[in-house]
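So the structure is just underneath, and the comments pick up after that.
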Amino acid sequence: MPCYLIAEVKVTDDGWIPDYAARVHDIVARHGGRYLSRSGRIEALEGEAPDASLVALIQFPSREAAMEFAADPDYAPFGQARQAGSVSNFYLIDDTDVAGTIPYLGKG
């Protein structure tokens, strides 16, 4: 079942960004992941916009693949650099519908 990693990042020191942006994509891909967006254009349609410099949306083939990416030793130094130079929130969601009324989504 597909899983989506939502990364909400507020950059506090941008020194980590060039290496992260250049190299993490390949680590994500090794785990079957694919960036759907990595954008700084965040616009609130309703409610408050997050206090973030960027939001990334990455699709993985499964929760396990996303967890393997997060635990990958090759990712660790990039994750540590991001954590040191930002305030970050990472969320995983699956492709289910909590109400169970959308026919093309699994029932959550």
Could you walk me through whether Arg82 and Tyr75 pass side-chain contact (heavy atoms from CB on, under 4.5 Å), step by step? CA-CA 11 Å; Arg82 176 188 44 76; Tyr75 176 67; 3.3 Å; yes

Keeping Ser39 on the side-chain end and Arg41 on the backbone end, is there a donor-acceptor pair under 3.5 Å? yes

According to a 4.5 Å side-chain heavy-atom criterion applied to Ile, Leu, Val, Met, Phe, Trp and Tyr, with indirect links allowed, do Trp16 and Val55 form part of one hydrophobic cluster? no

How long is the gap from CZ on Arg30 to CD on Glu68, to the nearest 0.5 Å? 11.5 Å

From CZ (Arg34) to CG (Leu57), nearest 0.5 Å: 9.5 Å

Do the side chain of Ser53 and the main chain of Lys10 share a donor and acceptor less than 3.5 angstrom apart? no

Is any side-chain heavy atom of Asp19 less than 4.5 Å from a side-chain heavy atom of Phe78? yes

What is the minimum heavy-atom distance between Tyr20 and Gly79, and which atoms define it? CE1-N, 4.4 Å

Ser86 and Ser88: which non-hydrogen atoms are nearest, and at how many Å? OG-OG, 2.7 Å

Is there side-chain contact between Ile93 and Ile6, with heavy atoms separated by less than 4.5 Å? yes

Considering all heavy atoms of both residues, which atom of Pro61 and which atom of Gly33 are nearest to each other, and what is their separation? CD-N, 4.3 Å

Walk me through it: do Gln59 and Leu5 pass the test side-chain contact (heavy atoms from CB on, under 4.5 Å)? CA-CA 6 Å; Gln59 179 181 15; Leu5 187 155; over 6 Å; no

Carboxylate-amine/guanidinium proximity below 4.0 Å for Asp74 and Arg23: no

Test your reading of the model: is there a side-chain donor-acceptor pair from Asp97 to the backbone of Lys107, 3.5 Å cut-off? no

Note, Tyr4 side chain near Asp94 side chain (heavy atom, < 4.5 Å): no

Between Glu8 and Tyr91, does the side-chain contact (heavy atoms from CB on, under 4.5 Å) criterion hold? Intermediate values first, please. CA-CA 8 Å; Glu8 179 184 307; Tyr91 309 101; 4.1 Å; yes

Determine the minimum heavy-atom distance between Ala49 and Ala44, stating which atoms define it. N-CB, 3.6 Å

Check: Gly85 main-chain N/O paired with Thr12 side-chain donor or acceptor under 3.5 Å: yes

Do Tyr35 and Val24 have side-chain heavy atoms sitting under 4.5 Å apart? yes

Chi angles and distances behind the side-chain contact (heavy atoms from CB on, under 4.5 Å) call for Met1, Asp95: CA-CA 7 Å; Met1 157 184 325; Asp95 69 342; 3.0 Å; yes

Output the distance between atom CG (Leu92) and atom CZ (Arg63), rounded to the nearest 0.5 Å. 7.0 Å

